[in-house]
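Inspection log for the structure reproduced underneath, given as structure tokens.
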Number of protein chains: 4
Amino acid sequence: MAASTPAVSRVAPRRGVALRETKFDRRLAKILVHAIEVFYEKGYEGASMRHLSRSSGMSLAGMYYYFESKEKLLYLIQKHTFATIVERLRERLKDVSDPEQRIRVFILNHLEYFLANQKAMKVLSHEDDVLKNSYGAEIRAIKREYYRICVELMDALKADRGIEFNSRIAVLSLYGMMNWIYTWYNPRVDADAKELALQMGDIFLRGVGSGRYGKHAAKKRSVN
Amino acid sequence: MAASTPAVSRVAPRRGVALRETKFDRRLAKILVHAIEVFYEKGYEGASMRHLSRSSGMSLAGMYYYFESKEKLLYLIQKHTFATIVERLRERLKDVSDPEQRIRVFILNHLEYFLANQKAMKVLSHEDDVLKNSYGAEIRAIKREYYRICVELMDALKADRGIEFNSRIAVLSLYGMMNWIYTWYNPRVDADAKELALQMGDIFLRGVGSGRYGKHAAKKRSVN
Amino acid sequence: MAASTPAVSRVAPRRGVALRETKFDRRLAKILVHAIEVFYEKGYEGASMRHLSRSSGMSLAGMYYYFESKEKLLYLIQKHTFATIVERLRERLKDVSDPEQRIRVFILNHLEYFLANQKAMKVLSHEDDVLKNSYGAEIRAIKREYYRICVELMDALKADRGIEFNSRIAVLSLYGMMNWIYTWYNPRVDADAKELALQMGDIFLRGVGSGRYGKHAAKKRSVN
Amino acid sequence: MAASTPAVSRVAPRRGVALRETKFDRRLAKILVHAIEVFYEKGYEGASMRHLSRSSGMSLAGMYYYFESKEKLLYLIQKHTFATIVERLRERLKDVSDPEQRIRVFILNHLEYFLANQKAMKVLSHEDDVLKNSYGAEIRAIKREYYRICVELMDALKADRGIEFNSRIAVLSLYGMMNWIYTWYNPRVDADAKELALQMGDIFLRGVGSGRYGKHAAKKRSVN
DNA sequence: TATGAATGAGTGTTCATTCAT
DNA sequence: TATGAATGAACACTCATTCAT
């Protein structure tokens, strides 16, 4: 899948050649793909530059021609992954106006990308807080943006249905549901992204669905 | 809180009498508390024995009198944390028979423990797959057990209500919702465990709540 | 010579035992002696911790038990060397009151120590500006102190003889004369410290010696 | 100043005509100027080819078109600097015959060049012993030559005045005085080359000036 | 019961240099 | 005439762990 091959912005100054993908870019992308694999397997801290170098078939020193540091490597992966998911979401959201459908689009987009790029997504989710300084700030900015979009989706739903719930908790719960996947998803036993999106969408949308508690409204809700 | 102080099983042969908590146990527990702090802050791979020794005030070599390895340290933390949460769940479940209430108990138990032991719970969740071999096997066994309990709770609910949904997805989604909180929970802005359990319980229970889709049943559920 | 064996203050916290020189101190001193040798031979930048470790017979990692960094190693050497030379100077100056004799004492003290500890003195002189931050500040403080002492000696001489010359240039010229010897001194062809001190003392003292230019006063001094 | 721009002998085979300064030479000279700056700032060992390339704006690989190695670069700098100072000295010495004046010319020449090319002169003085093999041998040859000239100047002075002193110590002391400048000279507080040459010339010439010890001859010279 | 002393293997990163183009 | 791409060796330093005491 093309989108999972990071077409990262160059690390070293280059003389342009605008549209054509350069050899440098291709090599860099290849390394990133291997790095995702290794980070996925061992975690960021657990993965050494030597592991990364071995896995990508490039010399240890050679890596540094493409990346100035291990941190930058993670940053590039996270940035590309996150930016892509947001970009695609925006694209898909354009065509849909119904508030509930928009949330379903959000869920489907997230899960489809997640399952198609499971490893990168684990690296994004799991190494959430390792990037510091400016790299970290940039990633956190995208994260905030993604969060904002989802909160707006929630607010629209609330307005549309005339219901009330805590958007923050709702959004964060939804994220949890979806992001946790990387800990359990097994393509041989679990449904595909579409079906999963349907099920999680049902749970979530029905869950926040109305101010009343439906037919079980009378039930005791709290546990002493 | 007593339960959050790990009364870990001994590591080295002991000459002590059975029931009395020995000095060894107390020191060991103290080290574990500090280790949780450091693992929480730096992650398992990022935390070095030197960090752990510094933080607990014990000499580097001294640590090895209490633990045979860094891995064992993580194992002890995860084992104790997980075992405690399961133990408490069983306790609480004894008094409740209504299927929905039992699930609410499950959620409350999880969240209460999670928030009261946030750091340990992050260490449990985040370092999910670092333990290999027998240590890992043991932790995975508890995990399976915890999972089984929750699946049974779901099955009981389905039987009771005469509804149908995928228990696996439901359980795992619920886990995701709950475990994800270590990435976002902020005691200054977010509600306490009880309230959170209520809200997540609502979302989840209402979400899986009925075979029908309530008043919005006619809505298009799938996204192209 | 005892004084050339650095009895450095400990690097790691120790429980005192005040007066007795500990095993730690002895090992540390031994390493310092080897380090001086290597720094002398290769320069600070050119000497690697591997060289130092090889030369002292201690494992690379072992070195870091005694010193927290290569910089600290240099600092310890420079501090001890410089502090000792100043200390000895003060001692010797106590017994002498005649201004000229005091300068001769200064020169002799410097040269004697220089030749007895030629390698350490080269490391002190040649690696003058590599230490930054607090280490460097401390060394520079001692240097300023040493300089001050010498300036005072000059001022006393001027007052005593009723002559005038630029103390700064005089002191710095004298330093140059003396410190430069590490570039050329050859014990097989050059005189010992006492004789050298006599000769340099003559050149210097006679050189600044009187306001008049002696019998050659009429000579043209400047070069177009 | 033309003379401070190293018109170095070419490194690579040239097809060019003899007398005209080629583009190659000019580029090479430009690199040398930048290299002096970097060696001055970081020292030879501390300066990397990357630093040098960055500072001169030429690609890392490009440097090797002009220089076959980092060592050669230092050699070129030292050779040119040293050769120029000797050449100029010879020039100036031609017009002067009085022994004392000749020494004053020597001092002035040295100091003027030193201060006008302070950075290059530090690189010459400070990296005195890093060049090995044939490069080093060549530099050492010039050094010996320069030393010989100065010794001859001293011998002429001794013959002229009928005095006796150790020429070796005298020359080397004079060198020390002068070369040490790079460690302390501050153009904002210190006099210019002419004045400095006067003062150092006075100290030195008066210092070696006569077999007798002038009016203080009776003074005790040695320090026990 | 605990630690000072020590280490081999590994960390991320930079080095001077090469070579095809 | 110059450089992009690449590398083996080295860099300072930290790792988890051991063992005599």
Side-chain angles (χ1 to χ4, degrees), chain A residues 10 12-15 22-24 27-28 44-53 57-73, chain B residues 12 14-15 22-24 27-28 31 45-53 57-73, chain C residues 10 12-15 22-24 27-28 45-53 57-73, chain D residues 12 22-24 27-28 45-53 57-73:
Chain A
R10 304 106 203 119
R14 306 288 302 296
R15 277 156 303 10
T22 63
K23 202 174 169 188
F24 182 94
R27 299 248 186 171
L28 186 150
Y44 175 77
E45 294 278 4
S48 80
M49 287 298 286
R50 270 153 190 91
H51 294 137
L52 297 166
S53 125
M58 170 160 289
S59 77
L60 180 54
M63 305 285 290
Y64 284 88
Y65 181 69
Y66 291 92
F67 307 101
E68 55 233 31
S69 68
K70 193 184 163 193
E71 254 195 311
K72 176 93 179 210
L73 198 46
Chain B
R14 294 265 309 302
R15 318 131 278 336
T22 62
K23 202 173 166 189
F24 182 95
R27 301 244 185 170
L28 186 151
I31 295 175
E45 293 279 0
S48 78
M49 287 297 286
R50 255 166 192 84
H51 293 139
L52 297 167
S53 122
M58 170 162 289
S59 77
L60 185 53
M63 308 283 290
Y64 285 87
Y65 178 71
Y66 292 94
F67 308 102
E68 55 229 32
S69 70
K70 196 183 159 192
E71 256 195 311
K72 176 91 179 211
L73 198 47
Chain C
R10 303 102 206 125
R14 306 287 303 296
R15 275 152 307 10
T22 63
K23 201 174 170 188
F24 182 94
R27 299 248 185 170
L28 186 152
E45 293 278 2
S48 79
M49 286 299 285
R50 271 158 189 86
H51 294 138
L52 297 166
S53 122
M58 170 161 288
S59 77
L60 180 54
M63 306 284 289
Y64 285 89
Y65 181 70
Y66 290 93
F67 307 101
E68 55 233 33
S69 68
K70 195 184 163 193
E71 254 195 311
K72 176 92 178 212
L73 198 46
Chain D
T22 62
K23 201 174 167 191
F24 182 95
R27 301 244 185 171
L28 186 151
E45 292 280 1
S48 78
M49 287 297 286
R50 256 164 193 85
H51 293 138
L52 297 166
S53 123
M58 169 160 289
S59 77
L60 185 54
M63 307 283 291
Y64 284 88
Y65 178 70
Y66 291 94
F67 307 102
E68 56 229 33
S69 69
K70 195 184 160 192
E71 255 195 311
K72 176 92 178 210
L73 197 47

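Just so you know, these numbers use all the heavy atoms, side chains as well, and skip hydrogens, waters and symmetry mates. Naming: A, B, ... by sequence-line order, numbering from 1 per chain.
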Base-pairing string, 5' to 3', of DNA chain E - Watson-Crick or wobble, under 3.5 Å, | interstrand
.||||||||||||||||||||
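- When side chains are defined from C-beta on, B/Tyr66 does not count as touching B/Leu73, because their heavy atoms never get closer than 4.5 Å.
- As a whole-Å value, the separation of D/Glu68 CD from E/dT18 P is 10 Å.
- Considering only side-chain atoms of D/Tyr65, the nucleotide from F/dT1, E/dA2, F/dC13 that sits closest is F/dT1.
- The separation between A/Phe24 atom CZ and F/dA5 atom P is 6 Å, rounded to whole Å.
- Minimum heavy-atom separation, D/Glu45 to D/Lys70: O-NZ, 3.8 Å.
- Nearest-nucleotide mapping onto DNA chain F: of B/His51 and A/Arg27, the residue sitting toward the 5' end is A/Arg27.
- Here the P atom of nucleotide E/dT18 and the CZ atom of D/Phe67 are 15 Å apart, to the nearest Å.
- Atom pair B/Met63:CE and F/dC15:P shows a separation of 13 Å (rounding to whole Å applied).
- In terms of heavy atoms, A/Ser53 sits closest to A/Ser59 at OG-C, 3.9 Å.
- The two residues B/Ile31 and B/Met58 have their closest heavy-atom pair at CD1-SD, 3.6 Å.
- Nearest-nucleotide positions on DNA chain E for C/Ala61 and A/Ala61 put C/Ala61 closer to the 5' end.
- Rounded to a whole Å, the OH atom of D/Tyr64 is 17 Å from the P atom of E/dA20.
- One N or O on the side chain of A/Tyr44 and one on the backbone of A/Glu71 form a donor-acceptor pair closer than 3.5 Å.
- Atom CD in D/Glu71 sits roughly 12 Å away from atom P in E/dA16 (whole-Å rounding).
- Residue-to-nucleotide proximity on DNA chain F shows that, of C/Gly46 and B/Met49, the 5′-proximal contact is made by C/Gly46.
- The phosphate of E/dT14 (OP1 or OP2) has no side-chain N or O of D/Ser48 nearer than 4.0 angstrom.
- Judged by distance alone with a 3.5 Å cut-off, no donor-acceptor contact links the side chain of A/Arg50 to the base of E/dG10.
- One distance of note links CG of C/Leu52 with CE of C/Met63; it measures 5.0 Å at 0.5 Å rounding.
- Computed from coordinates, the B/Lys70 NZ to F/dT17 C1' distance equals 12 Å when rounded to whole Å.
- One interatomic measurement links the two molecules: CD of A/Glu45 to P of F/dT14, which rounds to 15 Å at whole-angstrom precision.
- Between B/Lys23 and A/Ser69, the residue whose closest nucleotide on DNA chain E is further toward the 5' end is B/Lys23.
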